[in-house]
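Accompanying notes for the structure given below.
Keep in mind the model is a prediction, meaning the values are calculated, not measured. This chain uses plain numbering: 1 for the first residue, then up along the sequence.
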Amino acid sequence: MTRLPLQALTFDLDDTLWDNREVMTRTEQGHYAWLDDALAAWFAERGEPARGRFAEWLPITAYQRRRQELAERHPLRRGDFTWIREQALASLLKEFGLPHEAAWHWATRAMEHFHDLRVRVTPYPEVEPMLGELGTRYRLGSITNGNLAFDRLPLRRHFAVAIAAGEMHAPKPDPRPFLMALAKLGTSPARAMHIGDSWKEDVLPAIRLGMQAAWIAGDTPHGAPLPEGVHRLEHIRELPALLERLEQE
């Protein structure tokens with residue numbers, strides 16, 4: 001089968017361009033601990049009777065359960081993680097006894113701290129020079145389900161298009177963020193490749209649209225033969241060699 005030359009590359013972000021596990025653990029725990037400390041200081045400054053610690057009354061597991069409940073009650077917003085987190089925090093703060101306005105004030109402040117922690121990612125060392133070089137040959141876009149404030153990262157300058165799929169209420173594997181990225185990049189699916197770590201959320205929707213896909217699979221077992229147009233990689237550093245090979249075929 002003859003393939004058309006690639007014009008565009010779209011990338012997943014978390015666990016594709018960097019390891020996101022420690023970042024999310026630190027962010028999840030950090031913004032909740034910050035809120036707990038900030039509330040204790042706020043009550044002390046106001047001279048209000050002690051209510052106990054917020055995180056003791058409502059531990060982080062309660063926060064996680066509330067987010068799950070909200071996602072189930074609002075399926076169209078299930079991928080809008082910032083909205084779900086802020087709603088969950090506000091509802092828990094009201095349960096803790098804060099009036100509506102104060103609850104939303106502290107929920108908003110906690111999410112500001114969340115985003116400050118969330119952007120403290122460390123791209124793999126190969127990523128910055130690789131994107132700089134690829135940007136001279138291809139149009140680059142990103143498609144993520146995460147709620148990373150991508151515009152705050154220096155890496156963002158390499159991407160002509162950045163799609164936050166959850167915020168458009170169409171998280172991957174929904175095809176709409178892929179179609180939006182392709183339209184903004186001015187290319188057809190047949191002339192684009194998506195690169196990501198998730199078989200379900202990255203590879204399958206891309207190939208269903210007629211794109212090629214580079215699956216950053218690591219040591220994930222996959223016994224069945226790969227579909228046409230899917231290329232398995234162990235790490236993002238292998239992408240340039242794959243592209244060079246495809247250009248020579």
Side-chain angles (χ1 to χ4, degrees), residues 4 6-20 23-24 27 67 71 74-86 111 114-115 118-124 127-128 130-216 229-231 233 236 239 243:
L4 295 173
L6 291 172
Q7 292 179 327
L9 306 174
T10 59
F11 292 81
D12 173 55
L13 298 177
D14 294 329
D15 295 314
T16 294
L17 300 184
W18 53 76
D19 187 333
N20 202 49
V23 174
M24 283 310 303
T27 302
R67 299 200 311 259
H74 302 276
L76 293 179
R77 310 282 311 245
R78 70 188 187 282
D80 192 348
F81 300 126
T82 295
W83 183 86
I84 286 175
R85 284 181 177 277
E86 195 166 31
M111 286 308 300
F114 173 95
H115 287 299
R118 180 74 172 86
V119 295
R120 297 179 189 178
V121 300
T122 304
Y124 298 122
V127 166
E128 178 79 35
M130 180 191 72
L131 291 176
E133 194 279 328
L134 292 179
T136 67
R137 297 157 51 201
Y138 306 98
R139 305 164 201 166
L140 305 185
S142 68
I143 308 172
T144 181
N145 280 355
N147 60 345
L148 174 84
F150 193 31
D151 286 345
R152 293 169 60 177
L153 291 184
L155 212 63
R156 171 65 175 85
R157 73 185 187 279
H158 295 293
F159 295 88
V161 172
I163 304 295
E167 293 177 7
M168 61 182 286
H169 303 168
K172 300 180 294 184
D174 193 299
R176 286 175 289 176
F178 294 87
L179 292 170
M180 178 179 286
L182 293 172
K184 290 188 173 185
L185 291 168
T187 193
S188 66
R191 303 199 69 176
M193 174 186 285
H194 181 68
I195 301 97
D197 68 294
S198 172
W199 181 260
K200 177 183 177 183
E201 296 179 354
D202 292 307
V203 175
L204 289 182
I207 62 173
R208 285 167 180 162
L209 287 173
M211 301 173 70
Q212 293 190 58
W215 180 32
I216 313 296
V230 177
H231 314 276
L233 304 178
I236 191 68
L239 179 63
L243 295 170

**Minimum heavy-atom distance between Thr16 and Ile236, given as atom pair plus value** = O-CB, 3.7 Å

**Asked** Under 3.5 Å, side chain of Arg77 to main-chain N/O of Trp83, donor-acceptor pair present?
**Response** no

**Request:** State, to 0.1 Å, how close Thr122 and Trp18 come at their nearest heavy-atom pair, and which atoms those are.
**Result:** O-CB, 3.4 Å

**Request:** Walk me through it: do Trp199 and Val230 pass the test side-chain contact (heavy atoms from CB on, under 4.5 Å)?
**Result:** CA-CA 10 Å; Trp199 181 260; Val230 177; 4.1 Å; yes

**Asked** Under the side-chain contact (heavy atoms from CB on, under 4.5 Å) criterion, do Tyr138 and Met193 qualify, and how do the steps go?
**Response** CA-CA 10 Å; Tyr138 306 98; Met193 174 186 285; over 6 Å; no

**Item:** Residues that Glu167 engages under side-chain hydrogen bond (donor to acceptor under 3.5 Å, both in side chains), provided they are two or more places apart
**Value:** none

**Complete:** Pro123 and Val121 have their tightest heavy-atom pair at CD-O, 3.6 Å

**Message:** Using a 3.5 Å distance criterion without hydrogens, assess whether the side chain of Asn145 forms a donor-acceptor pair with backbone atoms of Lys172.
**Reply:** yes

**Met180 side, atom CE; Asp174 side, atom CG - distance, nearest 0.5 Å** = 10.5 Å

**Item:** Side-chain touch Ile216/Asp12, heavy atoms, less than 4.5 angstrom
**Value:** no

**Request:** Report the C-alpha separation of Leu148 and Val23 in whole Å, then their side-chain angles, then the decisive distance to 0.1 Å, and conclude whether the side-chain contact (heavy atoms from CB on, under 4.5 Å) test is met.
**Result:** CA-CA 11 Å; Leu148 174 84; Val23 174; over 6 Å; no

**Item:** Separation of Asn20 CG from Thr144 OG1 (nearest 0.5 Å)
**Value:** 8.5 Å

**Prompt:** Where do Ile163 and Pro177 come nearest, in terms of heavy atoms and distance?
**Reply:** CG2-CB, 3.8 Å

**Message:** Quick check for you: to the nearest 0.5 Å, what is the distance between Arg152 atom CZ and Arg120 atom CZ?
**Reply:** 9.0 Å

**Request:** Would you confirm whether Arg118, through its side chain, and His115, through its main-chain N or O, come within 3.5 Å as a donor-acceptor pair?
**Result:** no

**Prompt:** Run the side-chain contact (heavy atoms from CB on, under 4.5 Å) check on Leu13 and Phe150 step by step: do they pass?
**Reply:** CA-CA 9 Å; Leu13 298 177; Phe150 193 31; 3.9 Å; yes

**Item:** Which atom of Asn147 lies closest to which atom of Arg85, heavy atoms considered
**Value:** ND2-CD, 4.4 Å

**Message:** If I take atom OG1 from residue Thr187 and atom CE from residue Met211, how far apart are they, to the nearest 0.5 angstrom?
**Reply:** 8.5 Å

**Request:** Could you tell me whether the side chain of Arg157 and the main chain of Pro154 form a donor-acceptor pair under 3.5 Å?
**Result:** yes

**Item:** Phe11 CZ to Met130 CE distance, which is reported to the nearest 0.5 Å
**Value:** 5.0 Å

**Prompt:** Can you name the closest pair of heavy atoms from Asp14 and Asp197 and give their distance?
**Reply:** O-OD1, 3.4 Å

**Asked** Can you tell me how far the OG1 atom of Thr10 sits from the NE2 atom of His194, to the nearest 0.5 Å?
**Response** 5.0 Å

**Asked** Donor-acceptor pair, Arg176 side chain versus Ala170 backbone, under 3.5 Å?
**Response** no

